[in-house]
Amino acid sequence: MSNTALAALADGLQAFRNGLAPTADWNAAQEMTEALALIRSRHQGKARYIDRAGILEVVHEYLQSGVVQHREDVFTLCLGTGWLDADGMGILADRGLRENLFALAETLTGRTNRLKAFRNLLYAYWSFPLHDPATPQAALTGWLELRNWLKERYAAFSRHPARKPAWFNALAPHLHLLNANPCAPYAEALVHGNLDQLQGAIESLRIPTDSWLKSEAVMAQIDATLQWSDRTFREFLPELLKMATGNAGIVVPDGVTQRAIARLLVRYARQEDYEPHDDLFNLALAKIGNPWRQRAAWDALVREDDGSPSSLAREMVNDWLKERLIGAFFSARRQDHASLELWQRYAVFMQEISLASPWLDANDQALLLRMGDLLVVVPKNRDMQIEVYSWQEFFSDGGTRLLDHDTVGGWEIQAILAKRRPAVRASQTFEETLKFFEFVVAAKARLQSVSRR
């Protein structure tokens, strides 16, 4: 062998003489672990098989007896922890049963068994019906306790020096999924159409395809866009409405749609200047309800950042709806433009509006307006007079219970009003209508003055 060949061989063996020196790539343990978990999840064949019927049977026995019958049942119960029956009963909904199961899961003999119980409870966390309107508050409270338990147990397992399974290590970069607003870190990418990060988390952690996580991803995108400028927010609003209604690739339940529409309404109302947005406002009516009839729903769902009801958003839709109803009524009877503007101008003094049909004959209608303590009846026939009744008397006679829709039965309303004489009558000429409004405003001002004394 030549000296040149020997020198080349010596150089090649130098690494072994000095000890192997790994590159920075070999030190990227977390990235390699996550990649390995993703590869395994994609190439393990079918999704994890869950014997739902068998699990529910064991869960039902535990709910009835409060006792874990067999050692192996602990793992089965952990898988079924998040499931609820038709009455909303389940392990998470019962404080004593869930705390007992959590204690059993963390005290099983053998670290492998404790990890298995942890993994099954993690599956229960993903599969819980978080956004189902039928899910009771007790179960939601239990789910939050499960989330906290998973975080505490993850920290305890992580401190142990023993080698961890790949699925456990894959959870490390996704621990935000065990926090409030779990999808916030993906929001910016999702808004720009990049689903890789979210999909990578779903696949590496083997999260069920019907998990609540996808709905939270929709809310994360909407929350991110609420910080944009007015102009950018308005331009992107059509896409946000698609997301909110499940028409952008991710189907969402009605409860999530309600939350999304509520947040968009609050943001829209905060603009320095805006025009009514028919698509957004119509969705508000469809998903939340009429702002004066479903006031409780509006106050519960449409809230400011501090949790208080957003009167600004409610009044925004309220004004738009009143203007639309008044405009449709008076335009249909060929009202002159000046009179139509007059009615819309004084809509601010109207708390509720309904259309009574039929009125007096099969082809007639009347507009019913609540204006403070008054019920104002405006027949569609301009030759008939406007009549004013006491709202309190109308309420006492059972009339207000009939005003639960935009269009109500005219015959029933007339039967109730026939028991009372109108307090005021006015013709429907422009001049008389203007005097009528001036009278109503003055009367309301007097009542407010008296109430303040």
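- Between Trp320 and Phe281, the ring planes lie perpendicular to each other; the angle is over 60°, past the 30° to 60° tilted range.
- Between Lys435 and Glu431 there is no salt bridge, since no side-chain N of the basic residue sits under 4.0 Å from a carboxylate O of the acidic one.
- With rounding to the nearest 0.5 Å, the separation of CE in Met350 from CD in Glu323 is 11.0 Å.
- There is a side-chain donor-acceptor pair under 3.5 Å between Lys380 and Gln365.
- The existence of a salt bridge linking Glu235 and Arg231 is confirmed by a sub-4.0 Å separation between a basic side-chain nitrogen and an acidic carboxylate oxygen.
- Taking both residues in full, the closest heavy atoms of Gly399 and Ile416 are given as CA-CD1, 3.5 Å, listed atom of the first, atom of the second, then distance.
- The aromatic ring centres of Phe349 and Phe437 sit 6.0 Å or more apart.
- Here the shortest heavy-atom pairing between Val302 and Ala313 reads CG1-CB, 3.8 Å.
- Using a 4.5 Å cut-off on side-chain heavy atoms (C-beta onward), Tyr62 and Asp73 make no contact.
- For Tyr186 against Ala201, the heavy-atom pair with the smallest separation is OH-CB, 3.4 Å.
- Asp223 has a carboxylate O that lies under 4.0 Å from a charged side-chain N of Arg263, or vice versa, which qualifies the two as a salt bridge.
- In terms of heavy atoms, Met316 sits closest to Leu265 at CE-O, 3.7 Å.
- Side-chain N/O atoms of Ser354 and Arg293 include a donor and acceptor closer than 3.5 Å.
- Of the N and O atoms on the side chains of Asp230 and Tyr268, not one donor lies less than 3.5 Å from an acceptor on the other residue.
- The minimum heavy-atom distance between Ala347 and Ile326, with the atom names listed, is CB-CD1, 3.7 Å.
- Of the candidates Glu304, Arg270, Arg267, Glu304 is the only one forming a side chain to side chain donor-acceptor pair (under 3.5 Å) with Ser310.
- Remark: aromatic rings of Trp126 and Tyr123 are distant, center separation not under 6.0 Å.
- The structure places CZ of Arg153 at 13.5 Å from CG of Leu122, a figure rounded to the nearest 0.5 Å.
- One finds the OG1 atom of Thr433 at 4.0 Å from the CD1 atom of Ile386 (value rounded to the nearest 0.5 Å).
- Between Arg425 and Glu432 there is no salt bridge, since none of the side-chain N atoms of the basic residue sits less than 4.0 Å from a carboxylate O of the acidic one.
- Between Trp143 and Trp212, the ring centre distance stays below 6.0 Å.
- Between Tyr389 and Phe394, the ring center distance fails the sub-6.0 Å criterion.
- A ring-centre distance under 6.0 Å is not found for Trp228 and Phe233.
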